Amino acid sequence: MNKQFNQFRFWAIGLATSWLALFVLVPSLMVLVTSFLTRDADFLIQYKFSLEGWKSVFDPTFIALLWDSLSMSMITAVICLAIAYPFVMCLMSLPKRWRGIVLFLLIVPFWTNSLVRIYAIQFLLGKKGLINEALQFIGLIDKPLDMLYSQFAVIFGLSYILLPFMILPIYSSMERLDFKLLDAAKDLGASASQRLMRITLPLTLPGIIAGCLMVVLPAMGMFFVADLLGGSKHALLGNVIKNQFIQTRDWPFGAALSILMILLLSFMLWLYYRATKMSNREGGINDSNF
Amino acid sequence: MTGCQPLLQLSGVSKTYADNTVLDALDLTIYDGEFLTLLGPSGCGKTTVLRIIAGFEKEDQGQVMLDEKDISILKAEHRPVNTVFQSYALFPHMTVYDNIAFGLIMHKVPKAEINDRVLEALRMVRLESFAQRKPHQLSGGQQQRVAIARAVVNRPRLLLLDESLSALDYKLRQEMQIELKRLQRQLNITFVYVTHDQEEALSMSDRIVVLNKGKVQQIGTPREIYETPVNLFVARFIGEINQFDGHVVRRIDEKHVEVVAEGADWVVQTDYPFVANDKVHVLLRPEDVRLTKPELASNTVHIEGHIHECNYKGKTLDSYIRLSTGTNVIASEFFDEDDPDFDYRLGQKVALQWITGWEVVLPYEQTI
């Protein structure tokens, strides 16, 4: 019995570990090594040490591109936050039964492939799209607005795809908030806005940070959104990486970019870990209501 | 301690949730400076009264007057009333100091004054050295004291305490009861305390309001409530009580009637205008029951029964007696240290008596 269990444990853990080692660790190491190799027109790479790939990373044009990508992701996060936070606050005023239903409805569209939904947005925003047609029909505009293939379109698409990733962490932190605390603040003379600023926001901050990370991190990599909605002008970090491998064929540079992105994301995750650890330590959860 | 100035008046206050009437045309006057306890079983509406006074709930009907001004329209944040919550509801992300200063900051008290008042409040609850701690670094009793300091630092006209001691263990609860009384005397603030614990109510209050099913059953001093309950509910809810059902045989004089209960003729004292054949309840506290050997009681009125259980309670010996009529009685007797034989055998026959005037006689109530 015990021996069997031990065997099971060995295989279960062993399989998962080897899977991760084989398909995550080894490729990552290969990418890391590639970033220090030399570019070759015929064979993609030459096995010769070179810092060319990393040098391109610090090229001003690329830094500008990185900044563009980061700022689009962050604007997306801000937009998602601005929609999600009030949404969750309204959600909390619903009876518990209804909250589950609303959250379910929120998630249903996300069972559809996101690529398909981005095509839908393309139709929506296009010159002959639903929005332009409708605005022209009611006479608000004379000629169609140029919405597609712009930064606006990319941010619009990213916000749409990533909104649930902002809502869910905020909801879970709001659900843990002891509403007695708001009664107490009211009792002590705090107005509605003071209650929001001094109690609700600080205590749901872990959810806000988690939500922002869950939007910013994937947003940087969603190259297909930029491809379909941004055209060639508005690239995300993911697009740049993809282009290095597939079009420009500069593997060392692409690899260096990938490593850079992994480092950037790890740094943000570390920040998040620190933030939640701090708030867990300081925001002792009060569960003595009965 | 109890001023005669009415501070808060509830008149005809009703509250209904869905189909459930929580408060039914409640009238209540709270006097300036008193320690008033709302006592009742869970679901009696006592917490709702508190929440209506605090402004967290709006009454469906009726009026809430503070200092003769209608405060029904006033939002909770504008009422000169503060609450100590059952769960304390301390802000977990703030230090003890910031928790206590919160109300003063909200009321835009000058900075220098805030500091003085917070330190004074900390001194008052003896937590000066804990100012920079976070709530989760404090024990339950300390959190409780922070909650009290956070409320009284605002110098409310009325302090509402919602079962504030129920989360503490027995020993600590007793210490906090004394602490609360001390604070109340020191601050001279009116306290309205909600509890389901009758012992707590008896030991702390100037007056007790017994509530049941959204109605006031009795208002009085702890002594009045305990010694002269006005109905069976109050009698049974506060302390333990033995109940004998019987009927009046005849009136003896202005204060006394003769009653037949449990097969014996008793002379009982009462202020009710009972006449012959009225059905009554004769109620007797366990500590007022006298047990003797049957042969010693043979010349006086008594009921006989058998001991069927004895409980040693430390201070007292509680005996459970089954009367020959089938009624069960509890007798609670103090130990007589001079009597080494003070004990009962199970099954022993005893005679039960009491001193006329110690019983409570109530008109018959249709009960279960």
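Computed from a predicted model, the values in this text were never measured in an experiment.
Atom CZ of B:F102 is separated from atom CD of A:Q194 by 7.0 Å, given to the nearest 0.5 angstrom. In this structure, A:K186 NZ and B:R79 CZ are separated by 10.5 Å, a value rounded to the nearest 0.5 Å. Here CE of B:M106 is found 7.5 Å from OG of A:S191. Values are rounded to the nearest 0.5 Å. Here CG of A:D178 is found 13.5 Å from OH of B:Y88. Values are rounded to the nearest 0.5 Å. Rounding to the nearest 0.5 Å gives a distance of 4.0 Å between CD1 of A:I199 and CZ of B:F91.
Counting heavy-atom neighbours within 6.0 Å of B:E199 CD, excluding the residue itself, gives a total of 12 or less. Few gaps surround CD on A:E175; more than 12 heavy atoms of other groups in view lie less than 6.0 Å from it. Within 6.0 Å of CZ on A:F165 lie no more than 12 heavy atoms contributed by other residues, nucleotides or ligands. Around atom CD of B:E128, more than 12 heavy atoms belonging to other residues, nucleotides or ligands sit under 6.0 Å away. Within 6.0 Å of the OH atom in B:Y17, the count of heavy atoms belonging to other residues, nucleotides or ligands exceeds 12.
For B:V84, no part lies near chain A; criterion is any non-hydrogen pair under 4.5 Å. The contact between B:I105 and chain A is made entirely by side chain atoms (from C-beta outward), counting heavy-atom distances below 4.5 Å.
Side-chain contact between B:E77 and A:R195 is present, with at least one heavy-atom pair separated by less than 4.5 Å.
Between the side chain of B:N82 and the backbone N or O of A:D187, at least one donor-acceptor pair lies under 3.5 Å. A donor-acceptor pair is defined here as one N or O able to donate and one able to accept, closer than 3.5 Å; no such pair exists between the side chain of B:H107 and the backbone of A:A190.
Contact check on A:D183 versus B:R51 returns a salt bridge, with a Lys/Arg side-chain nitrogen under 4.0 Å from an Asp/Glu carboxylate oxygen.
Listed here is the closest heavy atom pair of A:P202 and B:H93: CB-CD2, 3.5 Å. Across all their heavy atoms, A:R198 and B:M94 have their closest contact at O-CE, 3.9 Å.
Contact tally against chain A (heavy-atom pairs below 4.5 Å) for B:K75, B:E163, B:R150: the top residue is B:R150.
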